[in-house]
Amino acid sequence: MAAGVACAAALAALTAVPAQAHGAEHRAPHWELKDSGTPDVRFRGLSAVSRTTAWVSGTQGTVLRTTDGGATWRNVSPPGAEELQFRDIEAFDARRAVVLAIGEGEASRVYRTEDGGATWTESFRNTDARAFYDCLTFLDRRHGLAMSDPVDGKFRILSTNDGGRSWKVLPNDGMPAALEGEAGFAASGQCLVSSGPKDVWLATGGAAHARVLHSADRGLTWTATDTPIPAGDPAKGVFALAFRDRTHGLAVGGDYRADQASPQAAAVTGDGGRTWQPAATPPPAYRSGVAWFPHSRTAALAVGPTGTDLTTDGGRTWRTVDTGSYDTVDCTPDLGCWAAGEKGRVARLES
């Protein structure tokens, strides 16, 4: 725990030391790019296992894995998946991972590997033309959920209880009605997140209100709450969520169009998502990914195409600390934080 506090304090130094003042002998924590060897791929899926092991997934059916801290990357893409977009990946360790391809109809698929990506098994293929899967999450090594944009007026939830080997659509009796135009954003693999053995949250946008839906029973029943993040347009809403426990959560988003402003791009909850408060000083632009820093009650990172922001007060205020383009971010208990995005960009936080 002391190491976590120390690293959170080091992160705070990012807000105090200008980037141009960083010298070779004194550098605050910063993103260090790792050469993925895939400059034409955009990585929106990221699952960090540790400081040394991470998986990324993206366009052209690409899945990469590193086990040496990003020094080298192995292309472990499922064969024949070149036309798919892998927007979310959840890894259990260096050998076992589940990856989600998004899109209409049969473009939405789930693959699973147990041998580090040497072989893959397709464990789900969507056959409903009305469904479009966006994100997945695992509550433990057995129980996981995936979410689709509304079908018949309600978000659709897919469930597994065997680590992703098989999936079934859950009944929608406990799902509130979707708003007109409401959907999820497959921007970072963080529109569906979990904390603990039963709690799951789902982020939405595109409708009159940007909402967060919460389930305390692994997706069987849900409650919906409005957030202060602006919506009212198909390009606006909550794009990513992060919960450090079942009560303390962060939401980020905005308007993903580069020529549009994104005021109030972040919100915070201290009651499990029953209520949300706007950040007093939000990120200055659209953000698509967010992650709590390990072992910290107050520090978190948010990323987007125009930069990375840091909060050291639990999401109330944010400050930009890097201007590189990233779509998603993930941190691990051994104090490893990773980010990934366009043009094959993958980075690890270094001090």
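All values reported here derive from a predicted model rather than from experimental measurement. Only heavy atoms go into these numbers, but all of them, side chains included; no hydrogens, no water, no symmetry mates.
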Side chain to side chain, P284 and R287, heavy atoms closer than 4.5 Å:
yes
Audit row: V98, V110, side chain to side chain contact (heavy atoms under 4.5 Å, CB included) steps and yes/no:
CA-CA 7 Å; V98 177; V110 178; 3.4 Å; yes
Taking V56 as the starting point, is it possible to reach V329 by hopping between hydrophobic residues whose side chains are less than 4.5 Å apart?
no
Value rounded to 0.5 Å, distance of CG in L192 from CG in L158:
10.5 Å
Residue pairs fulfilling side chain to side chain donor-acceptor pair (under 3.5 Å) with at least one residue in residues 274-284, sequence neighbours excluded
D271-T275, T275-Q277
Do D330 and T328 have side-chain atoms, one donor and one acceptor, less than 3.5 Å apart?
no
Residue pairs, two or more places apart or on separate chains, that pass disulfide (SG to SG under 2.5 Å) and touch residues 120-207:
C135-C191
Taking R96 for the side chain and D93 for the main chain, is one N or O donor matched with an acceptor at less than 3.5 Å?
no
Check whether any side-chain N or O of T121 sits under 3.5 Å from a backbone N or O of S123 as a donor-acceptor pair, and report yes or no.
no
Residues in salt bridge (Lys or Arg N to Asp or Glu O under 4.0 Å) contact with R74, at least two apart in sequence or another chain
none
Count the heavy atoms belonging to other residues, nucleotides or ligands that lie under 6.0 Å from CZ of R130, then report whether that count exceeds 12.
yes
Starting from V303, can I reach F293 by hopping between I/L/V/M/F/W/Y residues whose side chains sit under 4.5 Å apart?
yes
Do any pairs count as a disulfide (SG to SG under 2.5 Å) and have a residue in residues 215-298, sequence neighbours left out, and if so which ones?
none
Please say yes or no: joined through hydrophobic side-chain contacts below 4.5 Å, possibly via intermediate residues, are F124 and I102 part of one cluster?
yes
Is there a side chain to side chain contact (heavy atoms under 4.5 Å, CB included) between L170 and L220 once you walk through the steps?
CA-CA 7 Å; L170 293 181; L220 292 176; 4.2 Å; yes
Salt bridge check: are D40 and K343 linked by an N-O gap of less than 4.0 Å?
no
Is the side chain of Q190 donor-acceptor paired with the backbone N or O of V290 at a distance under 3.5 Å, no angle test?
yes
Side chain to side chain, H214 and V200, heavy atoms closer than 4.5 Å:
no
Contact check, side chains of L139 and P197, non-hydrogen atoms, under 4.5 Å:
no
Under the ring pair (Phe, Tyr, Trp, His ring centres under 6.0 Å) rule, what pairs show up with a residue in residues 233-275, not counting sequence neighbours?
F185-F239, W201-F243, F239-Y286
Before accepting this row, confirm whether a basic side-chain N of the pair R142/D162 lies closer than 4.0 Å to the acidic partner's carboxylate O.
no
Residues R44, E342: salt bridge by 4.0 Å N-O rule
no
Under a 3.5 Å threshold, yes or no: a donor from one side chain and an acceptor from the other, between T66 and D68?
yes
Can you find a heavy atom in the side chain of V169 that is under 4.5 Å from one in the side chain of R156?
yes
Under 4.5 Å between side-chain heavy atoms, hopping through other hydrophobics if needed: is there a path connecting V252 to V268?
yes
Applying side chain to side chain donor-acceptor pair (under 3.5 Å), run through D327 and S188 and close with a yes or a no.
CA-CA 6 Å; D327 292 312; S188 60; over 6 Å; no
Taking every non-hydrogen atom, the tightest pair across N172 and K154:
O-NZ, 3.1 Å
Is the shortest side-chain N to carboxylate O distance from R95 to E114 below 4.0 Å?
no
Kindly state each residue pair satisfying side chain to side chain donor-acceptor pair (under 3.5 Å) with at least one member in residues 219-232, sequence neighbours excluded.
D217-T221
When clusters are formed by joining ILVMFWY residues with side-chain heavy atoms under 4.5 Å apart, either directly or through shared neighbours, do L213 and L145 land in the same one?
yes
Residue pair F43 / T59, side-chain heavy-atom distance below 4.5 Å:
no
Is a side-chain N or O of S36 found less than 3.5 angstrom from the main chain of G344, in a donor-acceptor match?
yes
About how many Å separate OG of S148 and CG of N126, when rounded to the nearest 0.5 Å?
6.5 Å
Under 4.5 Å between any side-chain heavy atoms of V76 and V63, yes or no?
yes
Taking A279's backbone N and O only, do any of them form a donor-acceptor pair with R316's side chain (distance below 3.5 Å, no angle check)?
no
Any salt bridge between K34 and E350, counting N to O under 4.0 Å?
yes
With no hydrogens and no angle check, is any side-chain donor or acceptor of T113 less than 3.5 Å from a backbone partner on T119?
yes
Sequence neighbours excluded, the answer for salt bridge (Lys or Arg N to Asp or Glu O under 4.0 Å) partners of E106 is R125
Under the disulfide (SG to SG under 2.5 Å) definition, can you give me all pairs with a residue in residues 212-303, not counting sequence neighbours?
none
Less than 4.0 angstrom from a charged side-chain N to a carboxylate O is my criterion; do D255 and R257 meet it?
yes
Have R65 and T53 got a donor and an acceptor in their side chains that come within less than 3.5 Å?
no
Rounded distance [0.5 Å steps], CZ in R348 versus NE2 in H30:
10.0 Å
Judged by modelled atom types alone, do D199 and S195 share a side-chain donor-acceptor pair under 3.5 Å?
no
Decide if atom CD of E104 counts as having more than 12 heavy atoms of other residues, nucleotides or ligands within a radius under 6.0 Å.
no
Would you list the pairs meeting disulfide (SG to SG under 2.5 Å) in which at least one residue belongs to residues 194-247, sequence neighbours left out?
none
Would you say I89 and L100 make side-chain contact, with heavy atoms under 4.5 Å?
no
Stepwise side chain to side chain donor-acceptor pair (under 3.5 Å) check, T320 with D322
CA-CA 6 Å; T320 303; D322 185 272; over 6 Å; no
Spacing of K236 atom NZ and Q264 atom CD [to the nearest 0.5 Å]:
10.5 Å
Between D149 and D134, is there a side-chain heavy-atom distance shorter than 4.5 Å?
yes
So, does T160 use its side chain to make a donor-acceptor pair with the main chain of S166 at under 3.5 Å?
yes
Residue pairs, two or more places apart or on separate chains, that pass ring pair (Phe, Tyr, Trp, His ring centres under 6.0 Å) and touch residues 137-172:
F92-F138
Can you give me every donor-acceptor pair (side chain of residues 332-340, partner residue at least two apart or in another chain, under 3.5 Å) with its distance?
unit_1 : atom_1 : unit_2 : atom_2 : d
T332   : OG1    : D334   : OD1    : 2.5
T332   : OG1    : G336   : N      : 3.1
T332   : OG1    : G336   : O      : 3.2
D334   : OD1    : R51    : N      : 3.2
D334   : OD2    : R51    : N      : 3.0
W338   : NE1    : S50    : O      : 3.0

For F86, the option from Y133, W55, Y111 that meets ring pair (Phe, Tyr, Trp, His ring centres under 6.0 Å):
Y111
Taking transitive links into account, so neighbours of neighbours count too, which hydrophobic residues share a cluster with V151 at under 4.5 Å side-chain distance?
none
How about CD on Q260, more than 12 heavy atoms from neighbouring residues, nucleotides or ligands closer than 6.0 Å, or not?
yes
